[in-house]
Amino acid sequence: MLMNVKPSFRNLVIPVIQVLIFLFLFKAAKSQDNKSSAIDSKYKKGMVVCATPLASQVGLDILKKGGNAIDAAVAVHFALQVTHPEAGNIGGGGLMVYRAANGSTSTLDFREKAPGNASANMYLDSTGKVITDLSVNTRKASGVPGSVDGMVVAHKKLGSLKWAELVQPAIVLARNGFKISKRLANDLNRNRLEFVKNNPKNTYLINENGWKEGDLLIQEDLAKTLELIRDKGREGFYTGPVADLIVAEMKTGNGIITKADLENYHSVWRNAITGDYKNYHIITMPPPSSGGVALLQLLQSVKKYPLNKWGFNSDSTVQVMVEAERRVYADRSKYLGDPDFFKVPVDSLINPVYNQKRMENFNWNTATLSSAILPGNIAGYESDQTTHYSIVDSQGNAVAITTTLNDSFGSKVFVSGAGFLLNDEMDDFSIKPGVPNMYGLVGGKANSIQPGKRMLSSMTPTIVEKDGKLFMVVGTPGGSTIITSVFQTILNVIEFNQNMQQAVNAKKFHHQWVPDVVLTEKGALDDNCKTSLKRKGYKIEEKGAIGRVDAILVTNDGYYEGGADPRGDDTKLGW
Ligand code: DON
């Protein structure tokens, strides 16, 4: 067409078209930045990767103000409560792994606890049958929230800016409102009926006409609750008006959280558990996370195999990883629970020799049946919608936090007048031996319900060192698939030379002993791989998305490279 244009007009049009094409490509490249596998711009002073662009911005602003990684984490946590109500929370709990720039490590367990009036059979009827949904969508499903105490305690020990400065950005977002994303609009609309059913007198998060992308979400009650937390710290949540509102909410249904439960809630510093994989050192979460133990077990189980030679998601690689997962999840079902209530044989479980031995009985020619795998024999054994954020600061302090309400929007119970949702974390207990929870996970005595006990978690916030230096900060939501997603993300970088974003983007697969099936994202395994595995007897099923990993890698030349999961609105921001 341009051939027919007069020369003078052509001279004008061609540059204009070139500029338009350039602008279009530039814009496309920019909007892809978050999703692509390209290496980031060079960031050395700090980075935040979390579930929403607004919360990432809040975290980056804190880093730029001179805050450290913990300051940024606190600000991000509260900003996620406002901008990511599916999982961001003050009504839930979480787990934190921290590595200071000098290499010292600690972990903070702010997981919810069973209320004082909880009991082993509280979700069973008189005949011993599980009452459908009682541990999920009711006031009785909530554990005592730990997030606010966790943030206060982390800040007291490791923060540097003033507490009020860190809570304030969330208050502004809640009071002034923010434009919701398409994803949040869809999530809210999808849950509307449950919200209405569970909260007949409360319109928080409910829009009768349906939410649309770009609608303003204002949360005035939440702003007031956050102001109490800003001004009174822990006391602003666990005592006074907010505690009164939580207990009042319990009384409108079958809830059992009391004022004493709230007052008595305390998070716990625990030593990190660690293990080596080649020249990498893994620092991860101890129980009540099962994730840290399982991750170390998985890495030990596959360590002696030449994954790198076999290649990313090749049939041999997948087979070995699946067989390791089958065995490790069997152990999880028996040996993992709250260490304050149950003696978890951590050292025996993460022992490299034990895990390599467990792998000896699999047969290359045929899938091991899960029914043929029992939890291993451990000497001395006494008879077992979440969100993640990764942050590093200019000094090299690093923090990995995974936090959850359990289900998306938790129990779907709003605390009337206080503007937040309560968790349904009690479902993470084994509510009856052998009966699967909402993620299909089974358990027994180690994870039975007892008053004041923490329910077992799969959350796996993890930090990796290489040659003694910070290398990776990683974690993800995803229920039972958390552990295997973290496992794969680490191997994608270490064994398959992917950069951080590629490792996050890479399609994932998952096996958890029972059910005996390999779950995969569409496109995770190519046809050859699937045919080979199926011939050996593996059952393969496609599942929507697996994981939503937010991670940071430190490159050889000391720059921070982010991986923000394109499966969500996750955003990496550095400076
Ligand atoms: O702690 C756990 O293992 C679960 N409550 C996590 C739930 C979860 O990851 C849901 N998100 N997709």
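Start at 1 and go down the list; that is how both ligands and their atoms are numbered. What you see below is based on every heavy atom in this structure, not just the backbone, and it leaves out hydrogens, waters and symmetry mates.
- The existence of a salt bridge linking E521 and R567 is confirmed by a sub-4.0 Å separation between a basic side-chain nitrogen and an acidic carboxylate oxygen.
- Ring to ring, F409 and F195 are close: their centroids are under 6.0 angstrom apart.
- Pocket lining of ligand 1, defined as residues with a non-hydrogen atom under 4.0 Å away: R111, Q385, T386, T404, N406, E425, D428, Y439, S457, S458, M459, P477, G478, G479, I482.
- Here D424 does not pair with R139 in a salt bridge; the nearest charged N to carboxylate O distance is not below 4.0 Å.
- The existence of a salt bridge linking K453 and D340 is excluded, since no basic side-chain nitrogen approaches an acidic carboxylate oxygen closer than 4.0 Å.
- Note on D570 versus R548: salt bridge recorded, some NZ/NE/NH1/NH2 to OD/OE distance being below 4.0 Å.
- Between D516 and R326, at least one side-chain N (NZ, or NE/NH1/NH2) sits under 4.0 Å from a carboxylate O, which counts as a salt bridge.
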